[in-house]
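This report concerns only the one structure given below.
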Number of protein chains: 2
Amino acid sequence: MDKPTALQVFEALSSGVRLDVFRLLVQAGPDGRVAGEISAALDIPPTNLSFHLKGLAQAGLVTAEQEGRFQRYRANIALMVDTIAFLTENCCGEGVSCELTGIAEGVCKS
Amino acid sequence: MDKPTALQVFEALSSGVRLDVFRLLVQAGPDGRVAGEISAALDIPPTNLSFHLKGLAQAGLVTAEQEGRFQRYRANIALMVDTIAFLTENCCGEGVSCELTGIAEGVCKS
DNA sequence: ATAATGATTCAATAGTTATTGAATTATTGA
DNA sequence: TCAATAATTCAATAACTATTGAATCATTAT
């Protein structure tokens, strides 16, 4: 993953609203959720939700698919996994072990 | 890790300057770097660097220690590892495997 | 066709973030 | 003490982000 992509992902995740939306879509699984469902579930006004969904989509963290007059959103798990890989490669210096924290071995460079 | 902490970390990592600073400090290892070294290495004016170091410190991603008239900064690897754990717990839904991406098994809930 | 529904875009506003140069604080060295 | 050095804070500005309500666009149902 290149740096601009990583920055966009971090910026997208730096809002409580967007983090909540993304988590909801992760939990929703492959079916995702239409905008109205997200709006209702998280109690976010449609216009504000649109704003944040746009940011998430621009960062690539969610995809949008038209479904009649609904708009269905899904989490892009692959990008999140890539992001975790990016952080992993940037988080552990020489000889630093991640075992201490309960993260699986092999995750960090060390 | 709680949500406000995660949000602060993501916000801190959402600036190219701060990401560069953090990576530099990770590479520097336990010795860290004094502010002037960071400023010179990344070609960032001292006053702007102070601004971004403040953000990183507030998020907990770096620590600062006075050393004579210098200020030594170090990366907080533990917090980064916690952040990776946070993302891991929020990235993989039911039955989603991370194997595809080359991330070690056991990382995702699966 | 027309009305109703789902969602987005637009316009306005308030608040926040990034950057720069000048001023300030603190420590070291002559 | 006095000048020099390291770093931060302050003040000003420009740019961006978040939120809301009104308006618009597209699709569905009558």
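- Contact annotation: A:His52 side-chain N/O to D:dT19 OP1/OP2 distance is under 4.0 Å.
- With a 4.5 Å cut-off on side-chain heavy atoms, B:Lys3 and A:Arg23 count as touching.
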Under 3.5 Å, which protein N or O atoms sit close to an N or O of nucleotides 23-25 of chain C? Give each pair with its distance.
none

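- Interface residues of residues 31-46 of chain B facing DNA chain C, ordered by number: B:Pro45; criterion, heavy-atom separation under 4.0 Å.
- The CG-P distance, from B:Asp20 to C:dA18, rounds to 14 Å in whole Å.
- Between A:Arg72 atom CZ and C:dG6 atom P the separation is 14 Å, expressed in whole Å.
- Note that the OG1 atom of B:Thr88 and the CZ atom of B:Phe86 stand 10.5 Å from one another [nearest 0.5 Å].
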Report all side-chain donor-acceptor pairs from residues 7-19 of chain B shorter than 3.5 Å, counting only partners two or more places apart or in another chain.
residue, atom, partner, partner atom, Å
B:Ser14, OG, B:Glu11, O, 2.7
B:Ser15, OG, B:Val17, N, 3.2
B:Ser15, OG, B:Arg18, N, 3.1
B:Arg18, NE, B:Ala12, O, 2.8
B:Arg18, NH1, B:His52, ND1, 3.1
B:Arg18, NH2, B:Glu11, O, 3.1

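- Taking atom OH of A:Tyr73 as the reference point, atom P of C:dA7 lies 9 Å away to the nearest angstrom.
- For A:Gly32 against A:Arg72, the heavy-atom pair with the smallest separation is O-NH1, 3.7 Å.
- Atom CD1 in B:Ile77 sits 11.0 Å away from atom OG1 in B:Thr83 (nearest 0.5 Å).
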How would nucleotides 23-30 of chain D be written as a contact map, 5' to 3', with B for base contact, S for sugar-phosphate-only contact and - for no contact, using protein heavy atoms under 4.0 Å? ----BSS-
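- Shown here, C:dA30 forms a base pair with D:dT1; the pair counts as Watson-Crick or G-U wobble because both key distances fall under 3.5 Å.
- Every residue two or more places apart in sequence or in another chain that forms a side chain to side chain contact (heavy atoms under 4.5 Å, CB included) with B:Ala57 is listed here: B:Val62.
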Short heteroatom pairs, N/O only, protein and nucleotides 10-17 of chain D, under 3.5 Å:
residue, atom, partner, partner atom, Å
D:dT17, OP1, A:Glu11, OE2, 2.7

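- For the pair A:Leu56 CG and C:dA7 C1', the interatomic distance rounds to 16 Å; values are reported in whole Å.
- Going from atom CG of A:Leu49 over to atom P of D:dT20 covers 12 Å, rounded to whole Å.
- The hydrophobic cluster containing B:Val34 also includes B:Phe70, under a criterion of side-chain heavy atoms closer than 4.5 Å among ILVMFWY residues, counted directly or through chains of members.
- Partners of A:Asp31 by side chain to side chain contact (heavy atoms under 4.5 Å, CB included), not counting sequence neighbours: none found.
- Rounded to a whole Å, the CD atom of B:Glu65 is 18 Å from the P atom of D:dA6.
- Applying the side-chain hydrogen bond (donor to acceptor under 3.5 Å, both in side chains) test to every pair with at least one member in residues 53-66 of chain A, sequence neighbours left out, gives these pairs: A:Glu65-A:Arg74.
- When the P atom of C:dT16 is taken as reference, atom NZ of B:Lys54 falls 14 Å away, rounded to whole Å.
- Residues meeting the side chain to side chain donor-acceptor pair (under 3.5 Å) test with A:Asp43, sequence neighbours left out: none.
- Looking at residues two or more places apart in sequence or on another chain, you find no side chain to side chain donor-acceptor pair (under 3.5 Å) involving B:Asn76.
- Taking atom CG on A:Asn48 and atom P on C:dG6, their separation rounds to 19 Å, with Å as the unit.
- Partners of B:Ser39 under the side chain to side chain contact (heavy atoms under 4.5 Å, CB included) rule, at least two apart in sequence or in another chain, are B:Pro46, B:Leu49.
- Follow the hydrophobic side-chain contacts under 4.5 Å out from B:Ile44 and you reach B:Leu24 in the same cluster.
- Here the CG-CG distance, from A:Leu56 to A:Leu53, works out to 6.0 Å after rounding to the nearest 0.5 Å.
- Among C:dA18, D:dT19, D:dT9, the nucleotide with an atom closest to any side-chain atom of B:Ser50 is D:dT9.
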